[in-house]
There are 2 protein chains.
Amino acid sequence: MNVHQPRQRLVTLADVAREAGVGESTVSRVLRKHGSFSKGTQDRVAEAVAQLGYVPNRLAGSLAGSATSAGSQLVGIVIPSLTNIVFPELLRGIAGGLDAVGFQSVIAVSDYDAEREEALIGALLSWRPAGLIVTGLEHTPGAVARLRASGVRIVEMIDTDGPGLDIVVGFSNRAVGRVSAGHLLGRGYRRIGFVGHDLDRDLRAGKRLAGFAEALAAAGHPLRDREILAGPSSAAAGREALGRLLARRPDLDAVYFSNDDMALGGYFHCLEAGLSIPGGIALFGYNGLDITAAMPQPLSTVRTPRLRIGEVAAERLGAGGPSETVDLGFELIEGATA
Amino acid sequence: MNVHQPRQRLVTLADVAREAGVGESTVSRVLRKHGSFSKGTQDRVAEAVAQLGYVPNRLAGSLAGSATSAGSQLVGIVIPSLTNIVFPELLRGIAGGLDAVGFQSVIAVSDYDAEREEALIGALLSWRPAGLIVTGLEHTPGAVARLRASGVRIVEMIDTDGPGLDIVVGFSNRAVGRVSAGHLLGRGYRRIGFVGHDLDRDLRAGKRLAGFAEALAAAGHPLRDREILAGPSSAAAGREALGRLLARRPDLDAVYFSNDDMALGGYFHCLEAGLSIPGGIALFGYNGLDITAAMPQPLSTVRTPRLRIGEVAAERLGAGGPSETVDLGFELIEGATA
DNA sequence: ACAGCATTTGGCAGCGCTGCCAATCTGGTT
DNA sequence: AACCAGATTGGCAGCGCTGCCAAATGCTGT
């Protein structure tokens with residue numbers, strides 16, 4: 001089946017109209033519950049639709065509507081990664097918010113590559129989406145130009161540390177870094193290190209580190225050392241990086257991780273090396289992944305409102321308000337590791 | 001900005017044609033690198049496009065092409081969840097395979113609900129996608145009817161235990177269960193239990209358990225007990241469930257988990273309860289998540305070719321071959337916990 | 001210089017649907 | 001019985017693009 005057939009002609013609205021013995025525009029109105037029509041007509045149309053197995057063609061619908069109404073019912077989404085569980089959670093939030101209004105999402109993954117993001121934005125705009133949701137505030141000039149010229153609602157997610165193009169939904173990554181530093185300092189840690197991943201590409205992680213280091217320096221206990229592995233974050237990377245860092249600086253009393261995956265890896269390293277936590281070494285993460293709450297010692301971390309960010313992003317896309325920044329904040333989880 | 005404006009008229013292909021001083025069809029040919037045109041024309045068109053900031057309207061393009069060519073360059077995807085990291089990985093594979101051919105994916109999440117899946121399939125088909133990728137082999141009769149009537153290529157992912165509609169890409173979940181049981185039996189475990197999640201909804205997990213229990217029974221060492229928590233899989237659920245199971249049946253010498261998340265939770269339970277692994281109790285998971293390899297004792301589990309499944313699914317969607325089932329197999333990871 | 005062929009180009013009819021407008025119908029009024 | 005507002009309906013011109021076809025152009029050999 002399905003082998004190079006010239007694609008059978010599918011049932012069209014005109015077929016339904018003929019079958020139901022009414023005009024095309026009437027069918028269109030009934031199907032969209034828009035305008036007025038009698039109960040009898042509605043029933044006859046419904047029957048014809050069922051009879052013929054009609055599936056509306058939204059390409060045609062959106063194209064026709066594009067002159068006057070809101071364009072297609074698609075929303076374009078660009079995220080940097082699918083590997084980091086954070087992004088699927090954002091997507092889940094968006095999907096939830098979106099299908100409340102019958103929109104659907106076209107998703108593209110940039111792999112933390114700004115050039116690629118620009119290309120993807122172009123590709124998504126070619127579907128004349130009702131709006132676009134992108135990640136972060138940093139984009140190539142070309143991408144910004146396209147977004148501006150598109151005339152559609154733009155939502156930038158996750159980061160509020162800087163000016164946005166239209167709607168911004170997230171929290172301050174810099175503040176997360178500062179608060180995390182404050183917590184460690186407050187607990188009396190003084191010889192603090194950092195374990196991270198690819199900061200050149202994950203710009204938010206870079207901002208957190210900047211805020212973190214800044215707060216430490218301001219308190220007079222500057223960051224002692226850092227171990228940064230190229231490549232995406234992972235438990236394996238965190239484990240290896242913490243091993244290296246502690247081999248070099250066994251005197252550290254606390255380590256800040258670029259995220260929970262890395263921190264979990266660090267935790268595994270400590271288990272294996274027989275280091276006591278937080279007495280021997282304190283660990284502090286970022287994200288508040290569910291898994292960290294199930295650890296024998298819950299991870300000390302910062303929980304971010306990922307799902308909510310997605311929901312709000314979706315919601316604002318539909319709404320017609322003015323441009324604005326929505327800061328959803330974050331929550332420090334004390335945990336037992338720092 | 002962007003407040004209820006009646007959507008400015010965007011640049012169209014006709015505008016480009018006028019600017020470049022050529023006909024519309026010429027612009028169309030140049031842009032799609034289809035048919036023949038001179039270098040000079042190409043340059044003039046390219047310049048006009050850049051000049052005007054033209055973004056093609058794929059809604060119109062797909063609609064126009066739909067009469068003769070393959071329909072839109074969209075691919076619809078239905079997955080049951082975004083929470084379980086497995087599905088984002090599938091998506092990543094699909095995205096990779098798809099953008100090699102310039103297709104884009106519209107993603108819908110069914111929440112393991114068959115009725116919802118049916119509705120989503122309808123919604124996706126209304127975009128006249130080039131193909132549809134769905135999860136698993138079990139669908140409502142209505143969903144099957146729609147898929148059949150759509151006339152597009154259908155790929156069913158992950159599970160090969162049963163007949164498919166068109167292309168099936170995955171592995172045998174039942175076989176995973178059997179092989180896992182074989183491994184435990186081979187290692188001498190005899191008093192075996194199971195910890196799982198929501199099997200009524202996650203049908204693949206149910207099939208694995210069926211295969212597992214069947215193999216145990218065949219060997220004369222039937223499954224001793226099971227603890228199944230409602231709701232999705234998670235480390236927290238695995239931890240709690242293992243606690244309950246062992247409280248009830250402290251004599252168990254091995255436990256099979258519905259997946260690695262659950263197993264990791266079980267591992268945490270053991271750490272906390274001071275149970276030695278695998279001497280006191282052996283743990284066996286499913287999925288081969290990266291994180292389990294970073295554990296102090298790597299988890300014994302079965303690694304599934306998730307990324308590859310996605311890639312192959314995408315690849316087959318484009319290809320025009322006959323219907324078939326592609327079994328990509330799986331790999332048993334010995335690990336250190338069983 | 002001219003036929004013969006390949007290459008390049010433009011015109012235009014749809015693709016299936018929606019929005020606008022005019023036509024028809026309904027029921028109640030005067 | 002004539003009249004009117006409101007409800008219901010159908011016709012049809014696009015939405016922006018692609019595929020088909022015919023026309024124009026460029027080259028070659030004779």
Side-chain angles (χ1 to χ4, degrees), chain A residues 6-45 48-49 52 54-73 125-129 151, chain B residues 6-45 48-49 52 54-74 125-130 151:
Chain A
R7 176 176 280 245
Q8 51 197 296
R9 215 183 68 78
L10 297 172
V11 181
T12 70
L13 186 143
D15 298 325
V16 176
R18 204 173 312 117
E19 175 77 17
V22 300
E24 295 186 29
S25 37
T26 301
V27 176
S28 175
R29 272 188 301 258
V30 171
L31 258 28
R32 285 175 301 135
K33 307 191 201 316
H34 179 277
S36 58
F37 45 82
S38 68
K39 183 67 172 63
T41 304
Q42 179 173 28
D43 293 344
R44 262 177 305 142
V45 169
V49 165
L52 300 174
Y54 172 67
V55 177
N57 183 335
R58 292 227 231 179
L59 293 175
S62 300
L63 179 61
S66 67
T68 39
S69 14
S72 81
Q73 311 215 69
L125 284 175
S126 72
W127 293 108
R128 294 295 184 268
Chain B
R7 176 175 280 247
Q8 51 195 296
R9 215 184 69 77
L10 296 172
V11 180
T12 71
L13 186 144
D15 298 325
V16 175
R18 203 173 312 116
E19 174 77 18
V22 300
E24 295 185 29
S25 37
T26 301
V27 176
S28 174
R29 271 188 302 258
V30 171
L31 258 29
R32 285 174 302 136
K33 307 191 200 318
H34 181 279
S36 57
F37 44 83
S38 67
K39 183 68 171 63
T41 305
Q42 179 173 27
D43 293 342
R44 261 176 308 141
V45 169
V49 166
L52 301 175
Y54 172 66
V55 176
N57 184 336
R58 292 227 230 180
L59 293 176
S62 299
L63 180 61
S66 67
T68 40
S69 15
S72 80
Q73 313 217 68
L74 289 174
L125 284 174
S126 72
W127 292 108
R128 294 294 184 270

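First the proteins, then the strands, lettered A, B, ... as listed; each starts at 1. Hydrogens, waters and symmetry mates play no part in the numbers below; they use all other heavy atoms, side chains included.
Residues passing the salt bridge (Lys or Arg N to Asp or Glu O under 4.0 Å) test with Lys33(A): none are found, sequence neighbours excluded.
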List every contact pair, protein side and nucleotides 16-18 of chain C side both N or O, where the distance is under 3.5 Å.
| from | atom 1 | to | atom 2 | distance (Å) |
| --- | --- | --- | --- | --- |
| dG16(C) | N2 | Ala60(A) | O | 3.3 |
| dC17(C) | OP1 | Tyr54(A) | OH | 2.2 |
| dC17(C) | OP1 | Asn57(A) | N | 3.3 |
| dC17(C) | OP2 | Leu13(A) | N | 2.4 |
| dT18(C) | OP1 | Arg32(A) | NE | 3.2 |
| dT18(C) | OP2 | Ser28(A) | OG | 2.5 |

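Between the CG atom of Leu31(B) and the C1' atom of dG19(D) there is a distance of 16 Å, given to the nearest Å. Following rounding to the nearest Å, Lys33(B) (NZ) and dT8(C) (P) show an atom-to-atom distance of 15 Å. Rounded to an integer number of Å, the gap from CZ of Phe37(B) to C1' of dG26(D) is 18 Å. Rounded to whole angstrom, the span from the NZ atom of Lys39(A) across to the C1' atom of dT9(D) amounts to 18 Å.
Side-chain contact between Val49(B) and Val30(B) is absent, with no heavy atoms from C-beta onward closer than 4.5 Å. No side-chain heavy atom of Phe37(B) sits under 4.5 Å from any side-chain heavy atom of Val45(B). You'll find the side chain of Val16(B) stays beyond 4.5 Å of the side chain of Leu13(B), heavy atoms only. Between Val27(B) and Val22(B) the shortest side-chain heavy-atom distance falls below 4.5 Å.
With rounding to the nearest 0.5 angstrom, the CZ atom of Arg29(B) is 13.0 Å from the CD atom of Gln42(B). With values rounded to the nearest 0.5 angstrom, Asp15(B) atom CG is found 5.0 Å from Arg9(B) atom CZ. We find the OG-CZ distance between Ser62(B) and Arg128(B) to be 11.5 Å, quoted to the nearest 0.5 Å.
Note on Ser36(B): a base of the nucleic acid sits closer than 4.0 angstrom, heavy atoms only.
Between its opening and closing five pairs, the helix from dA1(C)-dT30(D) to dT30(C)-dA1(D) changes axis direction by 50°, a value rounded to 10 degrees.
Between Ser38(B) and dT9(C) there is a side-chain polar atom (N or O) within less than 4.0 angstrom of OP1 or OP2.
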